[in-house]
S.K.: 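Sharing a structure with you now.
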2 protein chains.
Amino acid sequence: MAEGPALPPVVARMWGRDPVSRHGPRPSLSLEGITAAAIGIADAEGLAGVRMSSVARSMGVATMSLYRYVGSKEELLVAMADAAAPDPPEPEGTGWRDHLTVWTRAHRDFLLDRPWLLHITRFAPPMGPRSLLWLDRGLAALDGTGLGAGERMNVVSTLTGYAVSHAGLALGAGGPEPPGEEEAAGLAEYGAILTEVLDPETYPALAAAVGEDAFGDGDEWIDDGDFGFGLGLLLDGVEALIAARRTARS
Amino acid sequence: MAEGPALPPVVARMWGRDPVSRHGPRPSLSLEGITAAAIGIADAEGLAGVRMSSVARSMGVATMSLYRYVGSKEELLVAMADAAAPDPPEPEGTGWRDHLTVWTRAHRDFLLDRPWLLHITRFAPPMGPRSLLWLDRGLAALDGTGLGAGERMNVVSTLTGYAVSHAGLALGAGGPEPPGEEEAAGLAEYGAILTEVLDPETYPALAAAVGEDAFGDGDEWIDDGDFGFGLGLLLDGVEALIAARRTARS
DNA sequence: ATGTACTCTGTACGTCGTACAGTGTATTAA
DNA sequence: TTAATACACTGTACGACGTACAGAGTACAT
């Protein structure tokens with residue numbers, strides 16, 4: 001078990017791999033504490049409230065002290081994104097489909113709880129303990145289905161993407177906006193704006209959909225039913241795949 | 001056709017609704033020109049290169065001149081996000097499934113072409129002419145399938161989300177990073193880091209997947225085949241839905 | 001006691017968005 | 001023609017924020 005590839009510093013600390021030092025004063029802070037403080041601020045004021053200075057103030061230390069624990073604000077955001085995830089739901093003995101349904105919905109739900117999570121652009125693959133716990137539980141749901149490792153990974157990635165997209169849509173259409181913006185309006189107003197602006201010649205299908213009141217009363221487009229709807233589509237696909245693997249294997 | 005809801009100012013200008021003024025010098029700039037310049041910079045240097053000052057310099061005007069056309073940098077980014085989309089693919093007489101396949105893939109492709117698009121957080125529903133054109137063409141693919149307006153909208157939203165997620169994954173796992181970061185490593189290194197850090201007790205399913213080399217050689221996880229794979233799952237689901245609507249209607 | 005490594009702090013700088021006041025210009029009204 | 005007006009553009013300046021850097025204090029090792 002060679003010392004493998006060097007972990008990115010924050011990642012190392014997220015996993016508790018602090019370099020233990022023998023000299024000097026004991027550290028009075030911790031990465032967990034700092035991320036917790038930052039998360040508290042983000043919950044209360046949104047991401048815009050998270051400044052190195054505000055986080056430090058909320059912990060009663062000087063701004064620069066934080067830099068003993070994080071290399072940059074960017075790193076702090078990464079740590080926040082990981083730490084902010086709750087425990088993933090545990091399977092209840094039901095089948096893979098129910099489990100993944102619950103899992104995906106729980107995923108979306110905690111994104112809705114902390115809208116600022118969506119604003120932390122994390123295109124790097126997840127490496128924190130809590131993100132990976134979610135990944136693990138998602139994969140676990142597919143144990144015994146006969147899917148290969150790559151396929152399971154694919155399915156779970158797709159479901160994660162689905163949860164993220166839907167959370168984003170739902171927030172864009174009514175949730176609180178982080179930059180304190182004037183709230184771009186609900187869906188009804190959205191439809192109204194569209195009708196004002198759309199030329200049915202160039203946007204025939206869209207104009208028709210708006211005409212059919214595709215998002216009329218504000219609940220018809222992005223509500224929980226719609227979430228289940230799309231999720232159902234996906235899981236139907238997975239189900240077909242599993243069936244195909246079963247017959248191919250028999 | 002009353003003057004409906006007031007359009008957000010940039011939106012109005014994106015649609016060419018400039019307030020024509022009778023006094024003073026003719027404007028020497030235009031929103032299109034500014035967004036084009038900004039897009040050029042973003043393509044060349046990434047989003048970080050897009051500063052009000054750099055955009056203005058590239059147009060040979062003073063920084064503050066831009067503020068006659070955009071209310072803020074934020075608005076400029078919104079305009080960029082819309083203008084950066086290419087023309088959506090036109091249907092070729094094939095069925096809805098082929099059309100949506102091409103459409104979704106084209107969507108992902110232009111996100112890969114302009115990685116910075118993913119970093120413009122746009123949780124507001126799309127309102128620009130080009131975004132709506134994509135939406136329209138997606139909906140058009142479902143004409144004649146018997147799906148309702150809400151259902152069509154849902155399907156297309158889901159596919160959009162899928163394209164975005166996959167582009168994000170693909171970029172996170174090998175593409176160029178905007179903040180000039182050291183490129184968090186390819187997938188192989190990702191797997192290596194995971195094995196170093198994972199405790200098989202707490203992450204059984206994930207450890208197993210890594211053991212099966214779920215992302216071993218760097219092509220097995222997020223490549224074009226995987227894109228088609230997940231997309232296939234989704235479209236299978238849509239197909240089932242269409243079939244259900246057909247029988248219900250007969 | 002002395003050295004050393006480490007934690008924490010204060011100051012200062014650079015970057016960037018943008019508020020504001022000013023200058024010139026084309027159109028309208030007199 | 002002249003004066004008034006509305007508008008396009010510019011220069012300066014300020015405030016916010018991230019963070020580099022150079023100490024100052026502190027616990028352990030010798």
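Side chains are part of it too, since the values below use all heavy atoms of this structure and drop only hydrogens, waters and symmetry mates. In what follows, chains carry the letters A, B, and so on, assigned in the order in which the sequence lines appear, proteins first and then strands, with residues in each chain numbered from 1.
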S.K.: Is any side-chain nitrogen or oxygen of B:Ser65 closer than 4.0 Å to OP1 or OP2 of D:dA8?
M.R.: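 No, no such contact exists.
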
S.K.: I need the CD-C1' distance between A:Glu75 and D:dT19, as an integer number of Å.
M.R.: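 Interatomic distance, CD of A:Glu75 to C1' of D:dT19: 13 Å.
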
S.K.: At a heavy-atom distance below 4.0 Å, which nucleotide of DNA chain C is the first touched by chain B, and which is the last?
M.R.: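 Both ends considered, the range comes out as C:dC16 to C:dT28.
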
S.K.: Round to the nearest Å and state the distance from A:Leu76 atom CG to D:dT19 atom P.
M.R.: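 That distance rounds to 10 Å.
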
S.K.: Nearest whole Å is fine: how far is D:dT10 P from B:Met59 CE?
M.R.: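 B:Met59 atom CE is separated from D:dT10 atom P by 11 Å.
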
S.K.: When the ring centroid of B:Tyr203 is compared with that of A:Trp134, is the distance short of 6.0 Å?
M.R.: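 Here the rings of A:Trp134 and B:Tyr203 have centres that are no less than 6.0 Å from each other.
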
S.K.: Using modelled atom types and a 3.5 Å cut-off, is there a donor and acceptor pairing between side-chain atoms of A:Ser65 and backbone atoms of A:Val61?
M.R.: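 A pair under 3.5 Å: no.
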
S.K.: Ring of A:Phe227, cation from A:Arg108 - is the NZ or CZ under 6.0 Å from the centre and inside 45° of the axis?
M.R.: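 Yes, a cation-pi geometry.
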
S.K.: Would you check if the side chain of A:Ser131 reaches a backbone N or O of A:Met127 as a donor-acceptor pair within less than 3.5 Å?
M.R.: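 Answer holds: no.
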
S.K.: Between the main-chain N or O of B:Ala84 and the side-chain N or O of B:Arg130, is there a donor-acceptor pair closer than 3.5 Å?
M.R.: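 No: the side chain of B:Arg130 does not pair with the backbone of B:Ala84.
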
S.K.: Would you call the rings of B:His166 and B:Tyr162 parallel, tilted or perpendicular if under 30° counts as parallel and over 60° as perpendicular?
M.R.: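 Judged by the thresholds at 30° and 60°, the geometry between B:His166 and B:Tyr162 is tilted.
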
S.K.: Need to verify one output field. Residue with the more 5' nearest nucleotide on DNA chain C, A:Leu29 or B:Tyr67?
M.R.: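 So the residue in question is A:Leu29.
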
S.K.: Reading DNA chain D from 5' onward, which residue's closest nucleotide shows up sooner: A:Arg51 or B:Thr63?
M.R.: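 The residue mapped nearer the 5' terminus is B:Thr63.
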
S.K.: Using a 4.0 Å heavy-atom cut-off to protein, can you give one letter per nucleotide of nucleotides 22-30 of chain D, 5' to 3': B if the base is in contact, S if only the sugar-phosphate is, - if neither?
M.R.: ---BBBBS-

S.K.: Just by distance, do the side chain of B:Ser54 and the backbone of B:Gly49 share a donor-acceptor pair under 3.5 Å?
M.R.: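 Looks like yes, one N/O pair under 3.5 Å.
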
S.K.: For the pair A:Tyr69 (side chain) and A:Leu29 (backbone), establish whether a donor and an acceptor sit closer than 3.5 Å, ignoring hydrogens and angles.
M.R.: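 Yes, A:Tyr69 side chain to A:Leu29 backbone: donor-acceptor pair under 3.5 Å.
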
